[in-house]
Amino acid sequence: MQTKRRRFTLALGGLLLGAGTIGLRAAAQPKEQVIKILARRFTYSPNQLTLKKGIPVVLELTTADVLMGFNAPDFQARADIIPGQVAIVRLVPDKVGTFTFLCDVFCGSGHESMSGTITVVA
Amino acid sequence: MRHPIDRREFLRLAGLGGVVFASSLGTAGCAGTMSTAKDGGYDDFYFVQLSDSHWGFEGPPNPDAKGTLKKAVAAVNSLSEPPDFIVFTGDLTHTTDDPKVRRQRLAQFKEIVGELKVKDVRFMPGENDASLDRGEAYQEFFGKTYYTFDHKGVHFIAVDNVSDPRALIGDEQLQWLAADLKQQPQDANIVVLTHRPLFDLYPQWDWATRDGAKAIDLLMPHSNVTVFYGHIHQEHHKMTGHIAHHAAKGLMFPLPVAGSQPQRTPLPWDPAQPYRGLGFRDIEAEAKKAEFKLTELPVQKA
Ligand SMILES: [Cu+2]
Ligand SMILES: [Fe+2]
C-alpha cells in the first residue's frame, strides 16, 4: 500500500521529494489533508497555513508565472514549482509552533519578501 | 622577548582609525606571534574583501546609497600599505527585472571600482547580479563566474552558487572543482571565494547553497581550507569540521542576525551612527602557516 502511494505521487507531479519519505513513515496516521497553493511573483496564496500536529499534509503547488521554489526547512520539505506542472510536497507537522516557508528560487525584484508561515497547533 | 610589530599592528599605529579586530576565531589575540620574521619584511601578503555593494539600491536603509561604495573605494585607496589584490564576493549590483538597467548598474559599478588604485581586482556575482539571466549580463562585464588563481603559494577558487537561480553550484561546476582540487597537494593552502554560504547557515532566509554540502565534501580531504563569502551582509564565522567560513559585511545595508526578527529586512539606518554595520575586511595571509588574520574596517574613518 505504501509503494502504491509512492507511485501515485510520482505520477502526479513527476517530483518526488525528500519529504515523501516522511510521508511514508507516517502512512499509518490519519487521512492526509490536501492544500492547494498558488505561487506568483512575489506571493503565495494562501501564505498562512494552519495545520494540526500529526495530520500529514499534501501541498499541491502551482505557479502562475515563472519557476518558483517552495521550501519549509523546518520540515525538510521543498520543491521546485515548474510552470505548467503540479508540484507535490508532503509534510508532517510534527512540532507545534510557527515556521517559515519561502521561495528559494530567485524569481525577480521582490523575491526576498516571498514567504509565508506554517502554524502547527496541538 | 619583544614581539616584532606586524603589518596589522602597523596599520593601527599609523593611525588608521576605526580598526576593529575580528576576534570570533580568537586570532586577534595573537597579532604579535610572528616572531620569526626576518630582516627585510615578511613573506606573507594581504588582500581586501569587499562584498554586497548593491549598486542601484535606493531606500531608507541607506540615505547615502550613491556615496557609500565610493567611500569604500576611497577607504581602500587610503590603506597605508596597498593590498596585493582585492576581491568582490558578489551582489555588486542590486537586482532589477530590466536587463537594460542591470547592464547600466554593472557599468556604473565597474566605473566606480575602476577608481581603485590596486588594479588586480577579482569579481564574483551574487544572486542580485546573475540569477535572473544566468549570469549573462554579469559575464559581459566581468567574464567567467568561476575560476581559480594562485598568489604567493595560496590557491584561490571562486565558486559560483548564484547563476543558477535555484542556488545550485551544479554538477558541471562541481566536477570542475573536483578536478581542480585533484591537482592540489593535500595540505595546499586553499581559499574559496563565493557569494552564498556553502553550509546551511539559515535556510529559512535562503542563507544556504542547495548543493553546498557537495562542495564542502570535496574540500574536506584538504587540510587547509578557508572560505570567504558575502550574501548575509554581516560578519559571521563558522567552522564545518576544519574548514573556516567567514562572511563579510556589506556596503549598502546590514541585515539582521539569522532568525532575530521575523523577516530578513535590512536593519534601519542610524543617523547617530551612519554606515554602522557596513565595511570591508583586510585579510592577512601567511602562506607558510595557512593562517588568516581578519581585520574589519569601516567605510568611513571614525
Ligand atoms: Cu546575495
Ligand atoms: Fe546581498
Side-chain angles (χ1 to χ4, degrees), chain A residues 13-19 22 39-44 47-50 61 63-83 85 87 89 91 93 95 97-120, chain B residues 52 54 56-59 61 90-91 93-99 101-102 105 125-135 161-168 195-196 199-213 231-233 253 255-256 258-266:
Chain A
L15 278 169
L16 183 67
L17 304 145
I22 300 168
R40 62 152 47 92
R41 296 178 12 136
F42 302 100
T43 54
Y44 295 98
N47 65 358
Q48 291 179 330
L49 311 180
T50 302
L61 299 140
T63 168
D65 37 50
V66 298
L67 172 71
M68 295 292 182
F70 173 92
N71 189 6
D74 296 281
F75 302 99
Q76 286 172 39
R78 87 154 304 283
D80 287 336
I81 314 171
I82 299 162
Q85 296 184 25
V89 171
L91 187 152
K95 45 188 172 273
T98 299
F99 308 93
T100 301
F101 68 85
L102 73 155
C103 174
D104 61 356
V105 175
F106 197 87
C107 58
S109 186
H111 158 75
E112 240 115 86
S113 61
M114 186 164 171
S115 63
T117 56
I118 297 172
T119 303
V120 181
Chain B
D52 294 86
H54 283 258
F57 171 87
E58 275 173 63
D91 280 356
T93 62
H94 195 63
T95 197
T96 163
D97 292 335
D98 184 341
V101 176
R102 185 173 310 127
R105 288 180 183 178
E127 78 283 359
N128 278 260
D129 307 299
S131 278
L132 292 181
D133 65 1
R134 296 204 165 237
N161 49 14
V162 298
S163 288
D164 186 321
R166 297 168 297 175
L168 285 164
H195 181 65
R196 294 167 162 274
F199 62 96
D200 274 357
L201 200 169
Y202 196 58
Q204 288 84 346
W205 285 358
D206 203 21
W207 289 358
T209 299
R210 212 192 292 178
D211 55 0
H231 189 57
I232 67 165
H233 298 209
F253 50 80
L255 287 168
S260 62
Q261 54 183 58
Q263 298 284 327
R264 153 197 49 164
T265 43

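Letters A, B, ... mirror the listed sequences (proteins, then strands); counts begin at 1.
- Note on R264(B), E127(B), Q263(B), R210(B): by heavy-atom pairs under 4.5 Å with chain A, the leading option is R210(B).
- The backbone N or O of G108(A) sits nowhere less than 3.5 Å from a side-chain atom of D97(B) that would complete a donor-acceptor pair.
- Heavy atoms closer than 4.5 Å to chain B are found in the side chain of S115(A), but not in its backbone.
- For the options V66(A), N71(A), T98(A), D74(A), heavy-atom pairs under 4.5 Å to chain B are most numerous at D74(A).
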Next on the checklist: With side chain to side chain contact (heavy atoms under 4.5 Å, CB included) as the criterion, how do S109(A) and T95(B) come out once you've worked through the C-alpha distance, each side chain's angles and the decisive distance to 0.1 Å?
Outcome noted: CA-CA 6 Å; S109(A) 186; T95(B) 197; 4.0 Å; yes
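- When all heavy atoms are compared, the tightest approach of T100(A) to Q204(B) is CG2-O, 3.9 Å.
- For CD of Q261(B), the number of neighbouring non-hydrogen atoms (other residues, nucleotides, ligands) closer than 6.0 Å is greater than 12.
- Contact annotation: the side chain of R166(B) never approaches that of D104(A) to less than 4.5 Å [non-hydrogen atoms, C-beta and beyond].
- In this structure, L102(A) and D206(B) approach most closely via the heavy-atom pair CD1-N, 3.6 Å.
- Summarising the local packing, CZ of R40(A) is surrounded by 12 or fewer heavy atoms from other residues, nucleotides or ligands at distances under 6.0 Å.
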